[in-house]
Amino acid sequence: MDRRTFLAAAGTGAAALSLGAVSAPALAAPAAAASRAGVSHTSDTALLRRWFRDTYHSIEAMTTDLGLAADKIDLSGSGTPVPSRNTSPTNIGCGLWSTVAAAGLGVIDQDTMRRRLARTVSAVERLERHHGFWLNWYDAHDGSVLTSWPDTGDPIRPFLSSVDNAWLVTGLRIAADADPSLRPRVAALLATADWSYYYTPYDPADPVARPGQLRGGFWTDTGEPTGHHYGALNTEPRMASYLGIADGSLPGEHYWHMLRTLVPENGQEQPPQGTYATIDGVRVWQGHYTYRGRKLVPTWGGSMFEALMVPLFVPETEWSPGSWGINHSRYVRSQIEHGLAEAGYGYWGFSPSNVPEGGYQEYGVDAIGMQIDGYASNTDRTFVTYGEPLPPASAYTNGVVTPHASFLALPQARTEALANLKALAHDFGAYDDRYGFRDSVNVGTGRVSDFVLALDQGMIAAALAQELRPGLLQRPFRTGGFASRVRPLLAKERFSIQP
């Protein structure tokens with residue numbers, strides 16, 4: 001499973017969709033979904049707590065005796081699910097912050113939290129590292145580096161991923177904040193994790209090869225880097241950028257070299273509108289797309305987690321209300337309208353997830369991603385093309401909705417998100433009383449995934465923690481270099497999307 005998005009600085013392909021001429025309708029579908037699911041407009045705190053408890057139970061089930069959260073568990077059998085063989089830095093980070101959230105919400109006590117965090121940190125200390133960073137795939141049961149996929153035997157090249165390491169570092173910082181006794185050990189682990197290893201400094205003479213951005217990663221068997229950089233600003237790799245800027249290993253100007261959209265002369269999903277601005281000495285293309293009459297800064301593929309995983313931890317909306325705050329809300333509204341009005345699914349929330357029938361796919365709303373024919377909202381991949389008629393709703397066959405997308409949307413659309421989740425549980429049986437929501441639902445056929453995934457459950461746990469106890473997991477990202485270096489950058493941000 002690899003949901004890593006990337007953006008080559010140059011961009012290729014023909015321009016695609018603009019839905020600027022389509023007005024945004026007043027939607028009745030969320031209320032209809034709420035009615036079907038028996039939604040009460042009284043407090044849902046008890047329900048949210050139950051959802052968290054069962055979600056954390058799935059994290060417990062995925063955690064091996066070594067203390068590492070495995071990639072997933074299969075719930076198709078009648079017995080106790082067995083964690084998958086493989087784990088990644090992202091999975092491990094999810095396990096760490098979910099445990100801190102469980103203690104903060106009273107699901108486990110502080111002593112249990114400390115024991116579990118210490119066990120995981122001990123395991124992380126044993127894992128093979130290169131250049132201060134962790135490889136992409138380990139055996140969750142013994143910590144060895146995986147050299148072949150457990151299911152197929154296909155070989156795995158050892159790889160250092162910038163974005164995956166960002167999520168492990170995030171989890172380690174949260175663990176150290178929650179348990180002061182771990183701080184010296186976590187500090188020792190992070191002392192050699194220098195984000196400049198992934199950074200290609202900006203060179204105006206060759207901004208494609210040297211764009212001032214982070215590499216996707218390096219293969220350690222050859223030392224060869226990926227051919228791409230993470231160029232798109234509104235995607236999940238910006239967590240690595242924030243971490244590096246905060247600890248001083250990356251220059252602040254790196255933030256301005258990331259792309260709001262590709263520049264107008266490069267092919268992308270639609271011709272962007274916007275203006276150039278010079279900020280901190282960097283010439284920035286402040287571009288945006290228009291979708292259903294709504295200006296927004298797109299992600300790379302159009303998925304929910306690209307846009308909204310990072311603000312679970314970094315308070316972008318608070319620190320940049322006129323730019324990030326507006327964009328997050330418009331992005332969620334666009335996902336809702338795609339699912340309910342454009343594709344006519346009756347449900348919404350599109351993000352990379354398990355294919356209910358088996359496998360894995362990147363799902364999203366094609367029109368709000370930069371990639372031409374990027375992430376479709378259905379397994380059959382119905383795309384839109386700029387300047388051509390929109391596909392009818394009947395073209396969106398085998399639409400796949402993933403619950404974690406609705407949880408990410410709670411800060412922007414709480415009523416609609418709760419209604420959507422309750423409808424998925426009521427209409428499809430997508431909720432498992434032992435382990436929380438299954439990973440995805442084919443809303444056309446009713447097929448529900450047999451799996452829960454550590455990353456998706458980790459996002460749900462963090463989103464519920466933020467809803468039930470705001471700021472619990474954000475504490476390490478509100479002080480130090482985040483306050484002194486990252487926050488001023490976000491305060492200067494001026495997306496070209498204001499009304």
[X] and [Y]: which non-hydrogen atoms are nearest, and at how many Å?
X: Ala413; Y: Val332; answer: CB-CG1, 3.9 Å
X: Asn420; Y: Val401; answer: ND2-CG1, 4.4 Å
X: Ile174; Y: Pro476; answer: CA-CG, 3.9 Å
X: Arg438; Y: Leu75; answer: NE-CD1, 3.4 Å
X: Pro356; Y: Val400; answer: CD-CG2, 3.9 Å
X: Thr64; Y: Ala140; answer: OG1-O, 2.6 Å

Do [Y] and [X] meet the salt-bridge criterion of a basic N to acidic O distance under 4.0 Å?
X: Asp439; Y: Lys72; answer: no
X: Asp179; Y: Arg114; answer: no
X: Asp433; Y: Arg50; answer: yes

* Asked: Can the ring centroids of Tyr347 and Phe428 be said to lie less than 6.0 angstrom from one another?
  ->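 For Tyr347 and Phe428, the ring centres are under 6.0 Å apart.
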
* When the ring centroid of Phe159 is compared with that of Trp137, is the distance short of 6.0 Å? -> no

Roughly how far, to the nearest 0.5 Å, is the [atom2] atom of [Y] from the [atom1] atom of [X]?
X: Leu308; Y: Asn327; atom1: CG; atom2: CG; value: 9.0 Å
X: Trp134; Y: Ser161; atom1: CH2; atom2: OG; value: 13.0 Å
X: His257; Y: Gln213; atom1: NE2; atom2: CD; value: 8.5 Å
X: Arg116; Y: Thr120; atom1: CZ; atom2: OG1; value: 9.5 Å
X: Asn91; Y: Leu68; atom1: CG; atom2: CG; value: 9.5 Å
X: Ile460; Y: Leu312; atom1: CD1; atom2: CG; value: 11.0 Å

Where the side chain of [X] meets the backbone of [Y], is there a donor-acceptor pair that is under 3.5 Å apart?
X: Arg238; Y: Val310; answer: no
X: His57; Y: Arg434; answer: yes
X: Glu125; Y: Leu189; answer: no
X: Arg485; Y: Ala246; answer: yes
X: Arg381; Y: Ala376; answer: no
X: Arg215; Y: Thr226; answer: yes
X: Ser58; Y: Thr55; answer: yes
X: Arg49; Y: Leu105; answer: yes
X: Asp139; Y: Ser144; answer: no
X: Tyr375; Y: Gln361; answer: no

Pair [X]-[Y], side-chain donor/acceptor within less than 3.5 Å:
X: Glu493; Y: Ser323; value: no
X: Thr299; Y: Asn234; value: no
X: Ser241; Y: His254; value: yes
X: Ser377; Y: Tyr345; value: yes
X: Gln457; Y: Tyr435; value: no
X: Glu316; Y: Tyr242; value: yes

* Apply side chain to side chain contact (heavy atoms under 4.5 Å, CB included) to Ser334 and Val365, showing your working. => CA-CA 8 Å; Ser334 298; Val365 178; 5.9 Å; no

* To do: Evaluate the criterion ring-ring contact (aromatic ring centres under 6.0 Å, His included) for residue pair Trp51 and Phe437; output intermediate values, then yes/no.
  => CA-CA 8 Å; Trp51 283 351; Phe437 280 95; 5.3 Å; yes

Note, [X] side chain near [Y] side chain (heavy atom, < 4.5 Å):
X: Arg173; Y: Phe477; answer: yes
X: His130; Y: Phe218; answer: no
X: Arg157; Y: Glu224; answer: yes
X: Met239; Y: Val314; answer: yes
X: Leu233; Y: Trp324; answer: yes
X: His288; Y: Arg330; answer: no
X: Leu172; Y: Val121; answer: yes
X: Leu48; Y: Leu418; answer: yes

* Kindly check if the number of other-residue, nucleotide or ligand heavy atoms within 6.0 Å of CG (Asp109) is above 12? => yes

* More than 12 foreign heavy atoms under 6.0 Å from CZ of Arg126: is that the case here? -> no

* To do: Apply side chain to side chain contact (heavy atoms under 4.5 Å, CB included) to Trp195 and Phe133, showing your working.
  => CA-CA 9 Å; Trp195 296 100; Phe133 293 101; 3.8 Å; yes

* Aromatic plane relationship, His228 with Tyr230 - under 30° parallel, 30 to 60° tilted, over 60° perpendicular ->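 If you compare the ring of Tyr230 with that of His228, the planes turn out perpendicular.
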
* Asked: Could you go step by step and tell me if Phe313 and Trp167 meet the side chain to side chain contact (heavy atoms under 4.5 Å, CB included) rule?
  -> CA-CA 10 Å; Phe313 308 102; Trp167 295 122; 3.7 Å; yes

* Please assess Met309 against His404 for the test side chain to side chain contact (heavy atoms under 4.5 Å, CB included), listing each intermediate value before the final yes or no. => CA-CA 10 Å; Met309 188 175 178; His404 80 255; over 6 Å; no

* Structure fact -> Which of Ser351, Pro352, Ser440, Ser353 passes side-chain contact (heavy atoms from CB on, under 4.5 Å) with Tyr363? Answer is Ser353

